[in-house]
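Written out below as structure tokens is the structure these notes cover.
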Amino acid sequence: MNLNKIKLSQLRALVTIADCGNFSEAALKLDVTQSTISHAIATLEDELGVTLLQRGRHGARLTPVGDRITAHARTVLGLLDTIGSEANQARGVQGGHLRIASFRSVATHVLPGAIARLHRRYPAIAISVHEMDEVHQLKQALFKGEVDLCVAETIADDDVETLHIFDDDYVALLPPGYRPKTGQLTVHDMRQMPIIGSSHSSCGLRIRTVLGAQEHPLEIAYCIRHDSSMVAMVQQGLGIAILPRLAAEPVPPDVQIVSMPFPISRPIGATILKDALHTPALYAFLDALREVGEFSRIQAV
């Protein structure tokens, strides 16, 4: 008896016949011909030197020794499935852990849709989201290996790759009862009230640059760190706030949200290290994120 000649296909045929009770149904289940499965069993019996199945008009049933060997065959096939599962987990598709750094606004309005799509396909992938305020914090976490990717304002660096998702336009929040004379906010309207802007480095710099480029430059009266604080100040009639649309949501019912009189936006995307070894889980998440971005653009149209 040479056990090294036993093939997994023979064990699978034995277990399938035991489950189905006959050769023909087992062949259909394994998507092979009946002669193929008969040959597999005959060869297995020859190599083991025992009769595993009793054939008859009403099908096939296990002999006592065949019953015991079938139980061991199930164990072997089960271990093979376990090996496959372990390999899948190592590849990160059927398991693993994905660490994402993001802004609060993106984590609130973009990530949930992408994570839900990912989990419908690969429910075993664990996700952790690390919320940060500044682009330099995202970049530092990515380069230190503390996160696998950043989903926020895109990072400019030669050592990273970026998937652009969409442009998040800046909007103006108007205090309760305030309405622009023409129905649309103008630069003249913005001169009538204090301007509330973000103290975040990238966002604040972007706003100050655009305001300073106007024919008669505008200045920020209040530099506020948290989006919710900016909204609260607008609600109290302290000025007009300028912030990205994602950061503005949800807007209180007594605060009006309007388009800016000049174009200003921030690019939102997923950033990964260019030369790092990335898991299939990361690429699966990027696919889900891309789909969410495409859906958002369709909705905007």
Is there a side-chain contact (heavy atoms from CB on, under 4.5 Å) between R206 and T209? Walk through the geometry before answering.
CA-CA 5 Å; R206 184 176 291 111; T209 299; 5.9 Å; no
Would F103 and L246 satisfy side-chain contact (heavy atoms from CB on, under 4.5 Å), going step by step from the backbone distance to the final call?
CA-CA 10 Å; F103 290 159; L246 286 183; over 6 Å; no
Evaluate side-chain contact (heavy atoms from CB on, under 4.5 Å) for I242 paired with V210, printing each intermediate quantity in order.
CA-CA 11 Å; I242 303 173; V210 174; over 6 Å; no
Mind running side-chain contact (heavy atoms from CB on, under 4.5 Å) on D168 and H109 for me, showing each step along the way?
CA-CA 12 Å; D168 186 19; H109 300 291; over 6 Å; no
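Of the charged side-chain nitrogens involved, none lies within less than 4.0 Å of a carboxylate oxygen, so that R245 and D169 do not count as a salt-bridged pair. By the 4.0 Å N-to-carboxylate-O rule, D148 lies close enough to R99 to be salt-bridged with it. Using a cutoff of 4.0 Å between basic side-chain nitrogens and carboxylate oxygens, E291 and R120 are not scored as salt-bridged.
In terms of heavy-atom proximity, P175 sits nearest to G237 at CB-CA, 3.8 Å. Shortest non-hydrogen contact noted between K274 and V160 is CE-O, 3.6 Å. For R225 against S199, the heavy-atom pair with the smallest separation is CA-OG, 3.1 Å. In plain terms, the two heavy atoms of P244 and C203 that are nearest each other are CD-SG, 4.1 Å. Considering all non-hydrogen atoms of both residues, P180 and D189 come closest at CB-OD2, 3.4 Å. For the pair Q256 and V258, the tightest heavy-atom approach, listed with the atom from each and the gap, is NE2-CG1, 3.5 Å.
Under a 3.5 Å cut-off, the side chain of T63 and the backbone N or O of T51 do form a donor-acceptor pair. For H278 (side chain) and L273 (main-chain N/O), a donor-acceptor pair under 3.5 Å exists by modelled atom type. Of the possible polar contacts, one joining the R191 side chain to the H216 backbone as a donor-acceptor pair under 3.5 Å is found. The backbone N or O of L52 sits less than 3.5 Å from a side-chain atom of E45, completing a donor-acceptor pair.
We find the CG-OG1 distance between L53 and T70 to be 7.0 Å, quoted to the nearest 0.5 Å. The CE atom of M233 sits 9.5 Å away from the CD atom of Q236 when rounded to the nearest 0.5 Å. Summarising the geometry, atom CD belonging to E47 is positioned 5.0 Å from atom CD belonging to Q10; distances are rounded to the nearest 0.5 Å. The distance from the OG atom of S198 to the CD1 atom of I220 is 8.0 Å, given to the nearest 0.5 Å. In this structure, CD1 in I6 is found 6.5 Å from CG in L11, a value given to the nearest 0.5 Å. Atoms NE2 and CD1, on H200 and I207 in that order, are 10.5 Å from each other to the nearest 0.5 Å.
Side-chain atoms of R179 and L174, non-hydrogen and from C-beta on, never get closer than 4.5 Å to each other. Side-chain contact between Y178 and L173: absent, with no pair of heavy atoms (C-beta onward) separated by less than 4.5 Å. At least one side-chain heavy atom of L282 sits under 4.5 Å from a side-chain heavy atom of L98. When side chains are defined from C-beta on, V251 counts as touching E249, because their heavy atoms get closer than 4.5 Å. Annotation: side chain of M190 is in contact with side chain of M260 (closest heavy-atom distance under 4.5 Å). The shortest side-chain heavy-atom distance between I41 and L14 falls under the 4.5 Å cut-off. The shortest distance between side-chain heavy atoms of I155 and T162 does not fall below 4.5 Å.
The hydrophobic cluster containing I224 does not contain I195, counting ILVMFWY residues as joined when their side-chain heavy atoms lie under 4.5 angstrom apart, directly or transitively. Clustering ILVMFWY residues whenever any of their side-chain heavy atoms sit less than 4.5 angstrom apart, transitively, puts F285 in the very cluster that holds I268. Note on L118 and L149: same hydrophobic cluster, where clusters join Ile, Leu, Val, Met, Phe, Trp and Tyr whose side-chain heavy atoms are under 4.5 Å apart, directly or indirectly. V255 and M193 are assigned to two separate hydrophobic clusters, defined by single-linkage of ILVMFWY side chains at heavy-atom distances under 4.5 Å. Residues M230 and L185 do not share a hydrophobic cluster, defined by chaining ILVMFWY side chains whose heavy atoms lie under 4.5 Å apart.
Under a cut-off of 6.0 angstrom, the local environment of NE2 in H119 is crowded, with over 12 non-hydrogen atoms contributed by other residues, nucleotides or ligands. Taking a 6.0 Å sphere around CG of D275, one finds it holds 12 or fewer heavy atoms contributed by other residues, nucleotides or ligands.
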Which side-chain N or O atoms in residues 19-38 pair as donor and acceptor under 3.5 Å with protein atoms at least two apart or in another chain?
from, atom 1, to, atom 2, distance (Å)
D19, OD1, R74, NH1, 3.3
D19, OD1, R74, NH2, 2.7
N22, OD1, S24, N, 3.3
N22, OD1, S24, OG, 2.9
N22, OD1, E25, N, 2.7
N22, ND2, E25, OE2, 3.4
T33, OG1, S35, OG, 3.1
T33, OG1, T36, N, 3.2
T33, OG1, T36, OG1, 2.6
S38, OG, Q34, O, 2.9

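T154 and H164 are not linked by any side-chain donor-acceptor pair at a separation below 3.5 angstrom, with hydrogens and angles left out of the test.
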